[in-house]
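It should be emphasised that the depicted structure is a prediction, and the values quoted were computed from it without experimental measurement.
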Amino acid sequence: MSYTISKLIPEDELREGIKKVAERINNDYGDKDVHLVCVLKGGVYFLTELSKYLKMNVSIDFMSVSSYGSSTVSSGVVKIIKDLDEPIKDKNVIVVEDIVDTGNTLSYLISMLKDREPASIKLCTMLDKPSRREKDIDADYTAFTIPDKFVLGFGLDFDQKYRNLPYIGVVEFDEQ
């Protein structure tokens, strides 16, 4: 299988979009502490960049869930690989995700986290692909809305490759 990668969101535009999301969070929370729950592995790049611009006290925890495996489309079956290290009861939680696609994974994850009784829970995503939505879930904070293309870079991968690209790229598969 051969493919090419073209830029969808250049590095400078990506960082500006993330700064704008941070400004919205700063405005919404003021000096209230927030607890960022990063969805690994892809979300870590976004979390790192986003947290640089947050002005309140921030604590961080990580979860690892999967519904893709080595495929380019979600299987719809959510598997928790790593759960949170600390309780979230009475915390202002913001789930930080790289991309909202079908919504299957995040719908499950948000529902599960709400059962743990946080003071509030919101969803922050770097990328939103609403045309693929299967579950009724909307991000509270979105840096970019993108078309139905397979994307990678800045944390998003293709079979564990290309996460380290400093931009968001589109994978275009060659017909053979």
What's the spacing between D115 CG and I88 CD1 if we round to 0.5 Å? 9.5 Å
R116 vs V93 side-chain heavy atoms within contact, under 4.5 Å: no
Verify, without hydrogens or angle tests, whether D140 (side chain) and L123 (backbone) share a donor-acceptor contact under 3.5 angstrom. yes
Is the F158 ring parallel, tilted or perpendicular to the F150 ring (thresholds 30°, 60°)? perpendicular
Is there a side-chain contact between E16 and D12 (heavy atoms, below 4.5 Å)? no
Test item: D28 and Y141 side chains (from C-beta on) under 4.5 Å apart, heavy atoms: yes
Would you mind listing every salt bridge (charged side-chain N to carboxylate O under 4.0 Å, His left out) that reaches into residues 51-61, with sequence neighbours excluded? E49-K52
Distance, nearest 0.5 Å, that separates CD of E13 from OH of Y167: 14.0 Å
Lys/Arg-Asp/Glu bridge criterion (N-O < 4.0 Å) met for R163, D98: no
Determine whether a donor-acceptor pair (N or O, by modelled atom type, separation under 3.5 Å) exists between the side chain of R133 and the backbone of I137. yes
Only one of K149, K135, R132 forms a salt bridge (charged side-chain N to carboxylate O under 4.0 Å, His left out) with D101, so which one is it? R132
Show the nearest heavy-atom pair for residues A143 and G17, with the distance to one decimal. CB-O, 4.0 Å
Take I146 and I168 through the test side chain to side chain contact (heavy atoms under 4.5 Å, CB included) and record every step on the way to the result. CA-CA 10 Å; I146 62 169; I168 300 297; 5.7 Å; no
Please say which of V34, D31, D33 ends up in a side chain to side chain contact (heavy atoms under 4.5 Å, CB included) with N57. D33
Between V44 and F62, is any pair of side-chain heavy atoms under 4.5 Å apart? yes
Which atom of F154 lies closest to which atom of P166, heavy atoms considered: CD1-O, 3.9 Å
So, the side chain of K91 versus the backbone of P87: is there a donor-acceptor pair under 3.5 Å, distance only? yes
E23 and K20 ion-paired at < 4.0 Å: no
Answer yes or no: is there a side-chain heavy-atom contact under 4.5 Å between D157 and L152? no
Within the distance-only criterion (no hydrogens, no angle test), does the side chain of T142 pair as donor or acceptor with the backbone N or O of F144 below 3.5 angstrom? no
Working to the nearest 0.5 angstrom, can you tell me the gap between Y45 OH and N164 CG? 5.5 Å
Does atom CG of D136 have more than 12 heavy-atom neighbours, drawn from other residues, nucleotides or ligands, at distances under 6.0 Å? no
With hydrophobic residues grouped by side-chain heavy-atom distances under 4.5 Å, do V96 and Y53 end up in a single group? no
Rounding to 0.5 Å, atoms CD1 (I94) and CD1 (I25) come to a distance of 4.5 Å
When rounded to the nearest 0.5 angstrom, what distance separates OH in Y108 from CG in L113? 10.0 Å
Does the S111 side chain pair with the main chain of S107, one donor and one acceptor, at a distance under 3.5 Å? no
Please walk me through it: do T105 and V39 pass side chain to side chain contact (heavy atoms under 4.5 Å, CB included)? CA-CA 10 Å; T105 302; V39 181; 5.7 Å; no
How many angstroms lie between atom CG of N104 and atom CG of L109, to the nearest 0.5 angstrom? 12.5 Å
For a 4.5 angstrom cut-off between non-hydrogen side-chain atoms, does P130 reach T145? yes
Tell me, do M56 and N26 make a side-chain contact under 4.5 Å, heavy atoms counted? yes
Has K129 got a side-chain atom pairing as donor or acceptor with I99's backbone, closer than 3.5 angstrom? no
Evaluate side chain to side chain contact (heavy atoms under 4.5 Å, CB included) for V95 paired with M63, printing each intermediate quantity in order. CA-CA 10 Å; V95 176; M63 289 192 82; over 6 Å; no
Neighbour count >12 (heavy atoms, 6.0 Å) for atom NZ, K82: yes
